[in-house]
Number of protein chains: 2
Amino acid sequence: MKRKVTLKQIAKELDVSISTVSRALSNSKEIGEETRQKIQAFAKFYNYRPNNIALSLKNKKTKTIGILIPEIVHHFFSTVIRGIEIVANKRGYNVIIGLSNESFSKEVINMEMLANGSIDGFILSISKETLLQQDYHHFKETISQGIPIVMFDRVINEVDCDKVIVDDYKGSINAVKKLIATGCKNIALITTMDYVSVGKLRTQGYLKALEDHRINPKASLILKLDDSLALEEHLDILEREIEQFFKNNDKIDGIFAVNELYAVTAMKVARKLDFRIPEDIQVIGFTDGVLSKHARPSLTTVSQHGQKMGEQAANLLIDRLELDDEEDDVYVDENEIDMDFKTVVIETELIERESTK
Amino acid sequence: MKRKVTLKQIAKELDVSISTVSRALSNSKEIGEETRQKIQAFAKFYNYRPNNIALSLKNKKTKTIGILIPEIVHHFFSTVIRGIEIVANKRGYNVIIGLSNESFSKEVINMEMLANGSIDGFILSISKETLLQQDYHHFKETISQGIPIVMFDRVINEVDCDKVIVDDYKGSINAVKKLIATGCKNIALITTMDYVSVGKLRTQGYLKALEDHRINPKASLILKLDDSLALEEHLDILEREIEQFFKNNDKIDGIFAVNELYAVTAMKVARKLDFRIPEDIQVIGFTDGVLSKHARPSLTTVSQHGQKMGEQAANLLIDRLELDDEEDDVYVDENEIDMDFKTVVIETELIERESTK
DNA sequence: TTGTAGGCGTTATCAT
DNA sequence: ATGATAACGCCTACAA
């Protein structure tokens with residue numbers, strides 16, 4: 001077992017000082033040609049690599065990004081991670097992942113754990129429980145400690161930081177307008193409880209689209225579901241809820257669902273009740289995942305471009321990190337808070353498939 | 001902006017030595033009651049937390065696990081990550097992720113990047129390109145540097161390390177036997193090229209099941225597909241290939257596919273050709289993902305229990321890491337290589353749904 | 001009971 | 001051209 005070589009060992013072996021080795025390896029020209037050759041050859045032979053941890057301690061930066069998300073077994077989130085990873089890697093950063101599992105306390109613990117030196121900045125999407133409790137102290141504290149945060153998708157106004165979102169409002173409007181344009185008269189909305197900001201915005205988009213076309217929204221056409229129904233164990237309950245909803249509203253000819261699962265389940269129920277899709281009922285879902293592509297019929301969706309969101313988030317964060325670097329040198333007025341946080345909006349895209357005309 | 005406090009700052013502020021502060025905070029009883037109180041109160045007020053990086057450097061362990069996988073936007077892999085994360089977190093470890101994107105060089109680079117002190121051990125699944133080139137030097141070097149590796153799912157015999165696999169062979173046998181038991185006479189296999197070990201094993205299981213029932217395998221009933229067809233861009237080609245396959249074999253009454261996508265696509269094609277499922281053709285897929293549950297009809301699958309695999313892998317790795325800790329103290333014969341690597345086999349489970357009788 | 005000093009691996013500054 | 005030293009933040013053996 002050949003442990004990693006250190007500068008010290010090389011120095012001892014070659015009977016020079018540590019600093020000489022360090023300089024030789026960084027190609028400093030104040031080192032004699034022959035010593036440099038010798039040291040570099042030796043280092044190469046023993047496959048010397050500087051120790052990241054030591055560098056991190058010295059430079060006070062780890063070159064790693066902390067990602068904090070509610071759930072990883074989820075097409076959208078993993079897409080975002082992929083985007084982050086691509087950019088991070090290209091720009092010389094690593095990526096460390098924490099899962100909140102939609103729990104406030106796990107989010108806080110994870111954050112504190114990583115904020116103790118392990119990472120230079122966070123990219124995160126807020127857990128549902130946090131959103132519900134509206135307790136954002138951990139974000140604020142982290143930021144006040146000088147650790148920048150970039151939020152994506154599930155963001156909040158209460159915290160000043162860079163954000164990457166999708167235009168949920170506009171995306172929903174477009175989706176519903178598409179349904180209206182293709183002849184739907186009674187468009188149902190299947191959504192979640194309001195505290196998840198994106199759910200709320202999508203609901204508002206739905207209402208706005210109706211309003212723009214002078215269609216009166218009917219409460220009976222809106223189904224608000226508990227999130228827990230999205231869990232695997234409760235798929236059958238979800239199905240029953242939706243079936244009941246259909247039976248109470250026999251004139252439904254269009255459905256806009258705030259996520260893929262609701263949309264696909266609605267299609268399943270509709271077919272079971274002998275509606276034809278898209279002839280009798282058209283369906284559009286928000287979020288473009290695996291299900292949508294492979295559903296029968298395939299589902300028209302509003303794509304969020306998760307990977308692009310991830311890439312943008314990573315670029316925003318790294319830009320800020322490297323900006324901070326420079327500012328460390330020059331004089332910066334402590335009172336002059338940087339108010340110049342960006343919110344990048346990624347355009348949604350309506351991907352038309354078989355579930356609409 | 002209140003930066004993180006360090007022991008040094010606290011010491012200076014309270015006019016005691018750094019070691020006194022350190023000891024007071026670790027509740028050492030050789031510190032006077034009052035000084036301890038004072039220091040602890042001060043530390044609490046300023047929300048002192050030891051710096052992870054400094055600890056890592058000192059202890060020569062980072063308490064973080066490196067995960068190296070080919071792809072993250074993939075139900076199985078993200079399930080495994082979830083399992084790893086749960087155990088890692090519970091046992092006080094963080095998780096850092098690298099994606100090889102099925103590329104050999106990215107795998108090597110990622111590995112070297114993380115092996116320079118960032119992590120204590122790896123949990124990984126080998127990229128296809130690596131499997132194809134059969135170049136495993138990076139794994140061996142990492143291990144010889146004293147960094148343990150646990151491989152899962154896509155593993156190889158050539159490297160000595162702990163492994164977590166699913167019994168692909170047995171799982172496939174069971175699946176095919178199920179098809180035989182429910183009356184299938186002409187069972188087709190849809191598989192990948194042989195260099196992906198799991199694909200090979202699943203193919204062998206298929207053959208074995210036939211053999212056990214004295215059924216002669218027919219080459220015409222085996223469709224070997226290029227992996228690239230699993231990419232989104234090529235879904236239509238995949239569909240066409242499978243359709244052609246069906247047309248060349250009009251007696252197929254059962255299908256065993258080595259992954260979910262092939263299985264679902266086969267069902268799609270079968271229905272298009274007016275076969276009824278499961279009456280005319282029964283279908284089973286390996287890997288239980290989102291598609292299987294929501295397909296129409298829902299797909300019978302061989303579940304790999306990804307989360308359990310992740311949990312096992314994490315436990316194996318951490319066990320070894322903490323074992324190494326102890327051994328650092330006692331005398332260990334350098335020549336006495338630890339041959340006692342475990343290979344944990346996770347039992348597969350046949351999840352019966354609507355695509356079989 | 002408290003302080004001093006050394007070391008983890010690096011790099012940068014200041015001597016020689 | 002090379003070496004000694006300090007510093008990053010922490011812990012701990014040894015001194016006092």
Going by heavy atoms closer than 4.0 Å, what residues in residues 6-13 of chain A are next to DNA chain D? none
Contacts satisfying ring-ring contact (aromatic ring centres under 6.0 Å, His included) that involve residues 12-34 of chain B (not counting sequence neighbours) are none
Note: contacts of residues 31-66 of chain A with DNA chain D (heavy atom, under 4.0 Å) are A:Ile31, A:Gly32, A:Thr35, A:Leu57, A:Lys58, A:Lys60
Side-chain donor/acceptor pairs under 3.5 Å, residues 80-91 of chain B, sequence neighbours excluded:
from    : atom 1 : to       : atom 2 : distance (Å)
B:Arg82 : NH1    : B:Gln307 : OE1    : 2.9
B:Glu85 : OE2    : A:Leu99  : N      : 3.2
B:Glu85 : OE2    : B:Asn89  : ND2    : 3.3
B:Arg91 : NH1    : B:Asn315 : OD1    : 2.9
B:Arg91 : NH1    : B:Asp319 : OD1    : 3.0
B:Arg91 : NH2    : B:Asp319 : OD1    : 3.0

So, using ring pair (Phe, Tyr, Trp, His ring centres under 6.0 Å) as the criterion, who are the partners of B:Phe77 when residues are at least two apart? B:His74
Quick check: are there more than 12 heavy atoms from other residues, nucleotides or ligands sitting under 6.0 Å from CG of B:Asn27? yes
B:Lys4: which residues meet the salt bridge (Lys or Arg N to Asp or Glu O under 4.0 Å) condition with it, sequence neighbours left out? none
I need the full list of salt bridge (Lys or Arg N to Asp or Glu O under 4.0 Å) pairs touching residues 21-34 of chain A, with sequence neighbours left out, sorted by first then second residue. A:Glu33-A:Arg36
Pair listing, ring-ring contact (aromatic ring centres under 6.0 Å, His included) test, anchored in residues 5-57 of chain A, at least two apart: A:Phe42-A:Tyr46
Nucleotide N/O of nucleotides 13-16 of chain D paired with protein N/O under 3.5 Å:
from   : atom 1 : to      : atom 2 : distance (Å)
D:dA13 : N6     : B:Arg23 : NH1    : 3.3

Could you pull out all residues at least two apart from B:Phe104 that satisfy ring pair (Phe, Tyr, Trp, His ring centres under 6.0 Å)? B:His138
For B:Ser103, which residues count as a side-chain hydrogen bond (donor to acceptor under 3.5 Å, both in side chains) partner, sequence neighbours excluded? B:Ser105
Please list, chain by chain and in numerical order, all residues satisfying salt bridge (Lys or Arg N to Asp or Glu O under 4.0 Å) with B:Lys63, sequence neighbours excluded. B:Glu322
